[in-house]
Structure formats: C-alpha cells, structure tokens
Amino acid sequence: MEKQFIEEKLESLLSGKEVQFGLSSVNLTGTTRLVTDGDINTGMVMKPASHSTDPSAIDTLLYEFSSPQNIDAIKVHIENNNNATYDYFCKDSNNRDCGSGRIELIDNVTNIYFLPNRIADVKKILFNTQTKIV
C-alpha cells in the first residue's frame with residue numbers, strides 16, 4: 001500500500017521544540033532548536049563518537065514529550081550523509097523500548113521517512129548515528 005499524505009495536515013510534534021544533544025542518551029551536553037526550526041540552512045553536524053577524536057562530537061539527539069505520542073513518520077534533512085545510516089529509538093512512559101529502526105531511505109522532496117508501523121505510547125525519542133542506546 002502506497003503511503004500518501006497532505007502536507008498541510010501533517011502534524012509536526014517537534015516543530016520549534018528544544019531537543020537535547022550529546023554523545024549518548026546518558027551523556028547529554030546541551031540543548032538546541034537548530035534541528036527543529038524548519039530551516040534547512042540550520043542544523044547540527046552529527047557523527048558517531050567512536051569515529052571522532054573530538055570530545056565535543058555529537059551523535060545523539062533526544063526529545064521527551066510531555067505526554068505519550070503516536071509516531072508514524074520522522075522528518076529529517078540529512079546533507080552529505082555519504083551513505084550513512086541513522087537510527088531512532090523510542091521509549092514508552094515506563095522507559096521501556098517501544099520501537100526502533102534504521103533510517104536509510106528518505107524521500108528527497110519531503111524529507112519524510114515513514115515508519116513501517118505506527119509506534120504508540122512514545123514518551124522519548126532518540127535519534128543517533130550509532131546502533132547502541134544506553
């Protein structure tokens with residue numbers, strides 16, 4: 001079944017929200033809105049900490065919703081990815097894993113990655129360049 005959407009009705013849960021960033025979910029070093037401001041000219045450089053000698057390298061973005069949400073898609077603009085993959089991990093209200101996956105193909109027009117299945121009761125979502133969550 002082909003996924004279709006009408007952009008005017010697509011609700012962004014993170015638009016303009018402040019997200020945390022750092023080297024892992026337990027080593028968060030700051031917050032930013034540069035990745036949620038809707039401007040593709042702003043953002044952050046992310047690369048796996050294991051591939052960087054820079055102690056300020058960023059490989060993790062984390063957001064905690066005020067109440068659980070259902071997630072059907074992730075909108076992300078990735079520039080110069082050199083065939084890299086990016087992972088997402090979701091935790092529910094009880095801090096249990098409720099969904100995860102790897103983003104490999106993104107629609108280049110909309111920058112939207114549709115999840116294979118809806119993830120329900122998402123309290124936290126982590127986006128990173130590694131396949132490990134602590």
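The shown structure was predicted, so the numbers you read here are calculated from the model rather than taken from an experiment. If you read the sequence from its start, that first residue is 1, and numbering goes on from there.
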Steps toward side chain to side chain contact (heavy atoms under 4.5 Å, CB included) verdict (Asp97, Lys91)
CA-CA 5 Å; Asp97 294 333; Lys91 299 278 190 177; 2.8 Å; yes

Testing the basics here: between [X] and [Y], what is the closest heavy-atom pair and its distance to 0.1 Å?
| X | Y | answer |
| --- | --- | --- |
| Ile74 | Ile125 | CD1-CD1, 4.3 Å |
| Leu126 | Ser25 | CD1-CB, 3.4 Å |
| Ile119 | Cys98 | CG2-O, 3.4 Å |
| Leu34 | Thr42 | O-OG1, 3.1 Å |

Not counting sequence neighbours, which residues clear salt bridge (Lys or Arg N to Asp or Glu O under 4.0 Å) with Glu18? List them please.
Arg33

For [X] and [Y], indicate whether the former's side chain and the latter's backbone hold a donor-acceptor pair under 3.5 Å.
| X | Y | answer |
| --- | --- | --- |
| Glu64 | Leu62 | no |
| Thr36 | Lys17 | yes |
| Asp92 | Asn94 | yes |

Excluding sequence neighbours, so at least two apart, what forms ring pair (Phe, Tyr, Trp, His ring centres under 6.0 Å) with Tyr63?
Phe65

State which residues pass ring pair (Phe, Tyr, Trp, His ring centres under 6.0 Å) with Phe127; sequence neighbours excluded, sorted by chain then number.
Tyr86

Considering residues at least two apart in sequence or located in another chain, which fulfil the side chain to side chain donor-acceptor pair (under 3.5 Å) criterion with Ser66?
none

Can you tell me how far apart CD (Gln20) and OG1 (Thr29) are? Round to the nearest 0.5 Å.
9.5 Å

Would Asn128 and Leu61 count as a side chain to side chain contact (heavy atoms under 4.5 Å, CB included) here? Give the steps.
CA-CA 6 Å; Asn128 77 6; Leu61 298 173; over 6 Å; no

Quick note, salt bridge (charged side-chain N to carboxylate O under 4.0 Å, His left out) partners involving residues 110-124, not counting sequence neighbours, are Asp72-Arg118

Could you list all the salt bridge (charged side-chain N to carboxylate O under 4.0 Å, His left out) pairs where at least one residue sits in residues 34-45, not counting sequence neighbours?
none

Go through it in stages, so that I can follow the logic: the residues are Ile103 and Asp87, the test is side chain to side chain contact (heavy atoms under 4.5 Å, CB included), and I'd like the CA-CA distance, side-chain angles, deciding distance and then a yes or no.
CA-CA 6 Å; Ile103 297 173; Asp87 301 314; over 6 Å; no

Let's go through Tyr113 and Leu115 carefully: what are the C-alpha distance in whole Å and the side-chain angles of both, what is the deciding distance for side chain to side chain contact (heavy atoms under 4.5 Å, CB included) to 0.1 Å, and is it a yes or a no?
CA-CA 6 Å; Tyr113 172 75; Leu115 303 178; 3.8 Å; yes

